[in-house]
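Just so we're clear, the structure is a prediction, and the values are computed from it rather than from any experiment. Quick note on labels: first sequence line is chain A, next is B, and so on, each numbered from 1.
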There are 2 protein chains.
Amino acid sequence: MSTFDKPTNQNVPTPTVENYLKQILMVTLEENGSRVAMGKVATELAVTPGTATSMVKNMERDGWLKYYPRQGVSLTRKGRKVAMNMLRRHRLLETFLVETLGFDWSEIHIEAEELEHAISEKVLEKLDEFLGRPRYDPHGHPIPSKRGTIQRPSSQTLQNCDTGVTVRVESILDQESDFLKFAREKELLPGKAVSVIRSEKLADVITLKIEGNEPFSMGFRSAEKILVV
Amino acid sequence: MSTFDKPTNQNVPTPTVENYLKQILMVTLEENGSRVAMGKVATELAVTPGTATSMVKNMERDGWLKYYPRQGVSLTRKGRKVAMNMLRRHRLLETFLVETLGFDWSEIHIEAEELEHAISEKVLEKLDEFLGRPRYDPHGHPIPSKRGTIQRPSSQTLQNCDTGVTVRVESILDQESDFLKFAREKELLPGKAVSVIRSEKLADVITLKIEGNEPFSMGFRSAEKILVV
DNA sequence: GATACTATTTTGATTCATCAAAGTAATCAT
DNA sequence: ATGATTACTTTGATGAATCAAAATAGTATC
Ligand SMILES: [Mn+2]
Ligand SMILES: [Mn+2]
Ligand SMILES: [Mn+2]
Ligand SMILES: [Mn+2]
């Protein structure tokens with residue numbers, strides 16, 4: 001009623017805004033640069049570039065992020081807080097789906113993608129308690145704390161491992177159902193020890209061996225999706 | 001493409017449509033008439049009458065229901081099927097929240113109201129299995145079967161019980177948090193036996209006694225919300 | 001530096017869901 | 001039956017989210 005009042009969604013993010021925030025945060029965490037390009041936003045959210053631009057402008061209006069035309073976006077503190085919480089929801093839900101309901105890790109991502117918007121803070125808390133406060137989701141991703149902090153993932157991938165070394169799988173950076181099925185097949189699971197039999201940079205291929213299994217090879221493109229320590 | 005194509009939501013209900021369908025079904029089950037008045041639709045969904053009219057027209061366009069101007073709506077077979085499924089989701093989720101996560105029965109309704117739209121058929125099935133295929137939710141409401149059938153509730157309420165009789169509580173017909181807290185307080189819970197000490201039609205009040213508790217009274221308005229057998 | 005290609009923004013349109021307020025039909029009461 | 005009240009519908013408008021296609025800015029290539 002006073003002089004200025006924009007009766008818009010200033011503080012309650014819509015599910016769509018939640019998705020944008022979470023996705024932007026994830027890109028920010030993966031890459032180290034703080035500005036996420038609009039093209040990236042558009043492809044990550046599977047919308048046309050025009051849609052991304054328009055959404056991002058409204059999100060800036062509501063204080064979720066800063067928009068630098070033709071350069072990209074970066075989350076504000078407010079936006080980052082919500083984004084972190086979404087990541088927490090998503091990963092706790094994935095954990096629940098696997099641990100409690102017995103889902104396969106290749107099918108949980110899409111499910112959590114919807115549920116994360118419907119679950120309240122109260123249910124989230126009970127769920128966290130019920131699951132015994134897990135610190136990692138089924139893909140090995142760290143679950144952000146209630147306070148919004150997250151463990152930095154390893155910067156090492158299977159791709160940049162040299163011949164001869166043995167490493168431990170930390171997490172899988174791909175939610176594609178088929179890739180996850182392949183990884184499970186080969187027992188390329190979080191926590192597992194993997195020996196790099198041979199890494200051939202020129203041929204773009206790496207050969208691996210996991211205790212008790214046959215050796216197998218994979219291309220660098222795929223190897224890059226496996227974080228190791 | 002061809003001559004006629006209306007690229008509207010013909011078969012995939014939006015969450016809003018799901019809510020309308022479920023609510024219309026519930027009114028249909030409670031009352032016995034097959035046409036639900038627009039005023040009822042509007043109040044049940046907490047929207048203005050104009051909104052209800054406009055939504056209902058689109059829903060008719062998409063085949064979810066039949067709209068009889070100035071008379072009301074009734075679900076089509078297609079609409080009833082989805083509505084029944086929503087009721088199933090809602091009630092299974094409520095059961096989960098109480099049984100597994102330890103929520104109080106007075107706080108679960110709002111939670112389920114959101115989750116019901118986010119849960120997939122797959123998760124629903126796993127949940128049903130995990131819970132051991134319950135037939136009633138925490139309020140004593142029958143859970144519709146996967147095939148879309150539902151047990152008819154009792155037509156008897158505490159209100160129309162005569163002095164002296166003893167009945168068993170079947171369910172509570174009110175999702176109001178405060179009323180549910182009151183009911184739990186008095187141990188007016190599904191399955192409990194209640195003796196009607198006195199029913200005074202003129203004074204509009206009924207006095208009850210539950211094994212091991214002090215007798216207490218409640219008005220007919222409230223007594224009407226307790227289904228008994 | 002002019003041209004070509006790529007990334008991004010703008011424009012114009014659409015659907016869904018909603019409201020306020022105005023208009024109309026139906027029913028109730030005297 | 002007339003007038004009042006209540007129920008419902010229509011109208012006009014809005015915000016959110018989206019797309020297709022046109023316009024523009026930026027970068028890379030020759
Ligand atoms: Mn999501
Ligand atoms: Mn994950
Ligand atoms: Mn709902
Ligand atoms: Mn219930």
Side-chain angles (χ1 to χ4, degrees), chain A residues 1 4-24 27 31 33 35-74 79 82 113-114 117, chain B residues 1 4-24 27 31 33 35-74 79 82 113-114 117:
Chain A
M1 308 300 157
F4 14 127
D5 53 284
K6 314 224 157 191
T8 38
N9 274 330
Q10 258 146 352
N11 293 298
V12 185
T14 62
T16 303
V17 167
E18 289 178 339
N19 280 336
Y20 276 71
L21 290 173
K22 190 188 62 174
Q23 223 56 49
I24 291 166
V27 175
E31 309 174 354
R35 263 167 220 197
V36 179
M38 292 311 294
K40 191 83 188 171
V41 173
T43 53
E44 287 292 311
L45 287 143
V47 294
T48 61
T51 300
T53 301
S54 132
M55 266 306 291
V56 143
K57 280 181 179 172
N58 291 333
M59 287 173 72
E60 170 162 71
R61 185 234 306 133
D62 295 338
W64 301 116
L65 43 71
K66 274 271 148 85
Y67 167 49
Y68 305 93
R70 300 212 121 87
Q71 299 197 78
V73 292
S74 68
V82 170
E113 201 55 59
E114 293 303 312
H117 309 288
Chain B
M1 325 277 166
F4 16 125
D5 54 287
K6 312 225 155 193
T8 39
N9 275 328
Q10 258 145 349
N11 294 298
V12 185
T14 62
T16 303
V17 167
E18 290 178 338
N19 280 336
Y20 276 72
L21 290 173
K22 190 188 61 172
Q23 223 56 49
I24 291 166
V27 175
E31 308 174 357
R35 260 164 223 199
V36 179
M38 292 311 294
K40 192 83 189 172
V41 173
T43 54
E44 288 291 311
L45 287 143
V47 294
T48 61
T51 300
T53 301
S54 131
M55 265 306 290
V56 143
K57 281 181 178 173
N58 291 332
M59 286 173 73
E60 172 162 70
R61 185 235 303 133
D62 295 338
W64 302 115
L65 43 72
K66 274 269 147 84
Y67 168 47
Y68 305 92
R70 301 211 119 91
Q71 298 198 77
V73 291
S74 68
V82 169
E113 201 56 58
E114 293 302 313
H117 310 287

[X] near the nucleic acid: base, sugar-phosphate alone, or nothing, with a heavy-atom cut-off under 4.0 Å?
X: A:G50; result: base
X: A:T51; result: base
X: A:K57; result: sugar-phosphate
X: B:Y20; result: sugar-phosphate
X: A:Y68; result: nothing
X: A:A37; result: sugar-phosphate
X: A:T53; result: base

Report task. Kindly indicate, with the supporting measurements, whether the criterion side chain to side chain contact (heavy atoms under 4.5 Å, CB included) is fulfilled by A:M59 and A:L21. Result -> CA-CA 9 Å; A:M59 287 173 72; A:L21 290 173; 3.6 Å; yes
If only side-chain N and O atoms of [X] are considered, is one of them under 4.0 Å from the OP1 or OP2 phosphate oxygen of [N]?
X: B:T14; N: C:dC16; answer: no
X: B:R61; N: C:dC16; answer: yes
X: A:T48; N: D:dA20; answer: no

Nearest-Å distance, [atom1] ([X]) to [atom2] ([N])?
X: A:M59; N: D:dG15; atom1: CE; atom2: P; result: 19 Å
X: A:N19; N: D:dA17; atom1: CG; atom2: P; result: 10 Å
X: B:M55; N: C:dT18; atom1: CE; atom2: C1'; result: 10 Å
X: B:Y67; N: D:dT9; atom1: OH; atom2: C1'; result: 6 Å
X: B:Q71; N: D:dT6; atom1: CD; atom2: P; result: 21 Å
X: B:E60; N: D:dT9; atom1: CD; atom2: C1'; result: 14 Å
X: B:N58; N: D:dT10; atom1: CG; atom2: P; result: 12 Å
X: A:R35; N: C:dA7; atom1: CZ; atom2: C1'; result: 16 Å

**Report entry** Base C:dT27 paired with B:R70 side chain (donor-acceptor, <3.5 Å)
**Finding:** no
Identify which nucleotide among [options] has an atom closest to any side-chain atom of [X], counting heavy atoms from C-beta outward.
X: B:T16; options: C:dT9, C:dA17, D:dC8; answer: C:dA17
X: B:V17; options: C:dC19, C:dA17, D:dT9; answer: C:dA17
X: A:P49; options: C:dT18, C:dT9, D:dC19; answer: C:dT9

**Report entry** Residues B:K22 and B:E44 bridged, charged N to O under 4.0 Å
**Finding:** no
Requested in this report: Apply side chain to side chain contact (heavy atoms under 4.5 Å, CB included) to B:E31 and B:V27, showing your working.
Outcome: CA-CA 6 Å; B:E31 308 174 357; B:V27 175; 3.6 Å; yes
Query raised in the report: Below 4.5 Å, heavy atoms only, C-beta onward: do B:Y67 and B:T53 meet side chain to side chain?
Result: yes
Query raised in the report: Mind checking whether B:H117 and B:N19 have side chains closer than 4.5 Å, heavy atoms only?
Result: yes
Report task. Verify whether one side chain among B:T51 and B:S54 offers a donor that lies under 3.5 Å from an acceptor in the other. Result -> no
